[in-house]
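Position 1 is the first residue of the sequence, and the numbers go up from there.
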Amino acid sequence: VKHHPDKGGDPEKFKEITRAYEVLSDADKRAKYDKYGEEGLEQGGGGDPGDIFEAFFGGGDRRGGGSKKRQKTKDVVQTLKVTLEQMYSGATKKMAITRKVIDKKKGVQECSACDGRGVKVEVVRMGPMIQQMQSQCHSCGGQGKTFQTKQEREVLEVHIQKGSPDGHKVPFREMADEHPDADAGDVIFVLKQQEHPLFKRKGADLFIERRISLAEALCGFELEIIHLDGRKLLIKTSPGEIVKPMAQGFDPLAKEESKLEWEIIEDADCPGIDNVAQADTTDVDNLKKACETQLKRKGIDVGCFVVDGQRAYFKQCTREEALAAKKTRRGSSMYIISDPDAKKSFRMMKAVKDEGMPTYKNPFVHGNLFLILTIEFPDSLSSETQQAVANLLPPPLNQPKWSECDKDVEIHTVTDVDPVASFHSNKVNMQSGGEAYDDDEEEGGGHGPGGSGVQCHQQ
């Protein structure tokens, strides 16, 4: 009580005593303080409540006490538009910035209004009582120092390295505004790749679209391409090489999904491979998600997990190792990563090796230049031309056993029809309801006076 401000005590000392009492009188706060220190009380301490592996790994994050880092002024982030040519060959751009710097001539001085304390103390008399009130100094904003700044213009040279990825950050350390009680922040330029009229980029690979005829697809083609660095490329097929249409449903420019694909093997386990983690849940969707999030953050690449009736067991292995260790176990389900090469033939495209973008970490290594080829078919061919082409190609896959002369065979000729238009044209005739029987049911369905009350039962 003697430290209470109303009794003439030190306000800051009284706050420390009050804070200590709150911690010691609360079992949870005291446990956190013993485990994580003062910083643990401020940040909450403990682990992630959503971590299903907390019990297995012995808890989540641990926060210990430590000295506070010196503050920094706010970073300045600026988007910088760059062309694909500049990212391919490398470039340098000069960017002018204006920032606040401390006026060195006037320097930093102690605030005369508060004598460098940052606060002002006022004595207020209320009858027989005297009360001291402390407030922030308005002259220095509570800093205890006064200083003046000036605007300074500087020109920075932004080096765009070969193969820089879209969104790459180029930082200039401590080039933001200055403050006497903080380190200067950084000026960060974020590269924004501009769309190119011909080339599309995906990582270190380049893609370009071209149209070829059916004759070029069957007999070979030669294409002229001016590369991003101005080189003239003559691209052609090998003798006897055939160009096939791209598989339907495959988009080479689609963003890669990080979601893993899994195969399930029922009544199976791989006990010969050690468990690296386990979870007390059998929710397969959550377990798959955990492999990509919680376990990935812990540095564990799961290639297989096994689910029984109570919990799941995770294995760090390859697909081949999991299959080799597979054993029969009733009631267990074994989930293994799908074969990444299962659809490899489905994704094959024509490409020019090593003519893609230079890689950022090693500009001497390049990606590939892929050709997105669209084959243009002729609208029609004469019977003589069709027969001549047929004589040059392999035999047809479909050889009918029926003859047009057979009495029970109907002859139909295909035509071009839009399936979307066909669906909408018959949509009104495919709607259920509206029959007379439905109206009768709504009006009573035979259950009114004199109705038979017919009921149907499954036999």
Over 12 non-hydrogen atoms of neighbours within 6.0 angstrom of NZ in K289: no

Plane angle bin for Y335 and F305 - parallel if under 30°, tilted between 30 and 60°, otherwise perpendicular: parallel

Which atom of G356 lies closest to which atom of Y88, heavy atoms considered: O-CE1, 3.3 Å

Distance-minimising heavy-atom pair for A322 and I336: CB-CG2, 3.9 Å

Derivation of the side chain to side chain contact (heavy atoms under 4.5 Å, CB included) call for L295 and V276: CA-CA 10 Å; L295 288 171; V276 294; 5.8 Å; no

Indicate every side-chain donor-acceptor pair of residues 388-411 with a distance under 3.5 Å to a residue at least two apart or in another chain.
| unit_1 | atom_1 | unit_2 | atom_2 | d |
| --- | --- | --- | --- | --- |
| N391 | OD1 | Q387 | NE2 | 3.1 |
| N391 | ND2 | Q387 | O | 3.1 |
| S403 | OG | C405 | N | 3.2 |
| D406 | OD2 | S403 | N | 3.1 |
| E410 | OE1 | H412 | NE2 | 3.2 |

Heavy-atom closest contact (K315 atom, C270 atom, distance): NZ-O, 3.5 Å

E209 atom CD, neighbour heavy-atom count above 12 within 6.0 Å: no

Donor-acceptor contact below 3.5 Å, side chain R99 vs main chain A176: yes

S338 (side chain) donor-acceptor with E261 (main chain) under 3.5 angstrom: yes

For K162, side-chain hydrogen bond (donor to acceptor under 3.5 Å, both in side chains) partners two or more places apart: none

Please list every donor-acceptor pair under 3.5 Å in which a side-chain atom of residues 221-230 meets a protein atom from a residue at least two apart or in another chain.
| unit_1 | atom_1 | unit_2 | atom_2 | d |
| --- | --- | --- | --- | --- |
| H227 | NE2 | E355 | O | 2.8 |
| H227 | NE2 | E355 | OE1 | 3.4 |
| D229 | OD1 | R231 | N | 3.4 |
| D229 | OD1 | R231 | NE | 3.2 |
| D229 | OD2 | R231 | NE | 2.7 |

Separation between CG of D354 and NE2 of H366, rounded to the nearest 0.5 Å: 8.5 Å

Donor-acceptor pair, side chain of E178 and main chain of I102, under 3.5 angstrom: yes

Donor-acceptor contact below 3.5 Å, side chain T73 vs main chain G185: yes

Within-4.5 Å side-chain heavy-atom neighbours: I273 and C304: no

Side-chain heavy atoms of D339 within contact of R319, under 4.5 Å: yes

Criterion side-chain contact (heavy atoms from CB on, under 4.5 Å) against V190, the qualifying member of K169, H168, Q78: K169

Whether D205 side chain and G367 backbone form a donor-acceptor pair below 3.5 Å: no

Check: K72 and E174 side chains under 4.5 Å, non-hydrogen atoms: no

Shortest non-hydrogen contact between A312 and V307, atoms and distance: CB-CG2, 4.1 Å

Flag, side chain of N275 to backbone of Y313, donor-acceptor distance under 3.5 Å: no

Pairing of R329 and D267 as salt bridge, 4.0 angstrom limit: no

Smallest separation among heavy atoms of L191 and S164, with atom names: CD1-CB, 3.8 Å

Exercise: identify the closest heavy-atom pair between K81 and K93: O-NZ, 2.7 Å

Heavy-atom donor-acceptor pair, D75 side chain to D186 backbone, under 3.5 Å: yes

Donor-acceptor under 3.5 Å (K202 side chain, A254 main chain): yes

Donor-acceptor pair, side chain of R201 and main chain of G203, under 3.5 angstrom: yes

Flag, side chain of K94 to backbone of V155, donor-acceptor distance under 3.5 Å: no

Within 6.0 Å of CD in Q151, more than 12 heavy atoms from elsewhere: yes

